[in-house]
Protein chains: 2
Amino acid sequence: MVERISDAEHEIMEVLWKRSPLTATEVADQVVDQKGWSLQTVKTLLSRLAAKTVVGTQRDGRRFLYSPLVERDHYLAGVSRKFVDRLFGGKISPLVAHLAEADELSAEDISEIEELLRELKS
Amino acid sequence: MVERISDAEHEIMEVLWKRSPLTATEVADQVVDQKGWSLQTVKTLLSRLAAKTVVGTQRDGRRFLYSPLVERDHYLAGVSRKFVDRLFGGKISPLVAHLAEADELSAEDISEIEELLRELKS
DNA sequence: TTTAATCGACTACGGTTGTAAACAGTAGAT
DNA sequence: ATCTACTGTTTACAACCGTAGTCGATTAAA
């Protein structure tokens, strides 16, 4: 089971999943402006992620290089499962139905999903 | 925007969405065994939900009757949106793809979703 | 009418989260 | 050799969460 990752921590993970290893400052450069966080905040989040052993650290002189230790796919699969279980009794069709009802599905979404399903069946 | 509802609170909401209004004890009867909570815990959760104005209270003698003030559909739509936004860049097809890859989609799920999409397009 | 059961309100308390300041070590500049 | 800038570490702190004990009021029972 993958450790729980909070919302703010998840932002950091996304950065590292895009490219790694990175220093704290490099990570910060990609989120500070967008999220309005301070460098200190980013460092705290990185430490917490490291403590949870969901990112790994590698010394590079006086600083650390951070890299994800869990794969994005693996993590997403886990949280998706939990989400669908908790809110939709484990079935994804009600979720699709909900998004559909709320007009959250674009024509593009629809064709993409159809394509996916076609592949699945073949 | 609907107030944030925590996991434990959500359990309570599900009970109230099924039937309402209910007294605290009645709500508790439906979750205490299953979740291993005490009656006090249920009362606390109900109070917090009431404080968030996501359930309403109606005096009935010395006790309260609790009812949901937000519709389940509305709430689910909101959290689904947030979830898909945060983890999948707002697009649901990657979510479907994930569940599919993890073999989480049964043949039944697939046909249900196809049916949904057919309806959408008509 | 005294008592026992029941209600909601208030209090508690350790853990997590978001957000960061303060601090201490160190490498590089002067 | 000193100072400065940059690192990670430690500490902070309020809000939220899970989980519940306690307390004062009230009602139903005896």
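Order of the sequence lines sets the chain letters (A, B, ...), proteins ahead of strands, with each chain counted from 1. What you see below is based on every heavy atom in this structure, not just the backbone, and it leaves out hydrogens, waters and symmetry mates.
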Protein-nucleotide distance (A:D7, atom CG; D:dA15, atom C1'), rounded to Å: 15 Å
Whole angstrom value for the distance that separates P of C:dG18 from CE of A:M13: 14 Å
Residue-level proximity of residues 31-66 of chain A to DNA chain D when a heavy atom falls under 4.0 Å: A:Q40, A:K43, A:R48, A:R62, A:R63, A:F64, A:Y66
Backbone N/O of B:T23 and side chain of B:E26: donor-acceptor pair under 3.5 Å: yes
Nearest-angstrom distance from the residue atom CD1 of B:I5 to P of D:dG18: 12 Å
Residue pairs passing the side chain to side chain donor-acceptor pair (under 3.5 Å) test where at least one lies in residues 64-78 of chain B, sequence neighbours excluded: B:E14-B:R72
Backbone of A:Q40 reached by a side-chain donor or acceptor of A:T44 within 3.5 Å: yes
Check: B:L49 and B:L69 side chains under 4.5 Å, non-hydrogen atoms: no
Any B:W17 side-chain heavy atom under 4.5 Å of B:H10 side chain: yes
Heavy-atom donor-acceptor pair, A:E112 side chain to A:D109 backbone, under 3.5 Å: no
Phosphate-side-chain proximity, A:R4 and C:dG15, N/O vs OP1/OP2 below 4.0 Å: no
Any A:T23 side-chain nitrogen or oxygen under 4.0 Å from OP1 or OP2 of D:dT7: no
Side-chain N or O of A:T25 closer than 4.0 Å to phosphate OP1/OP2 of D:dC6: no
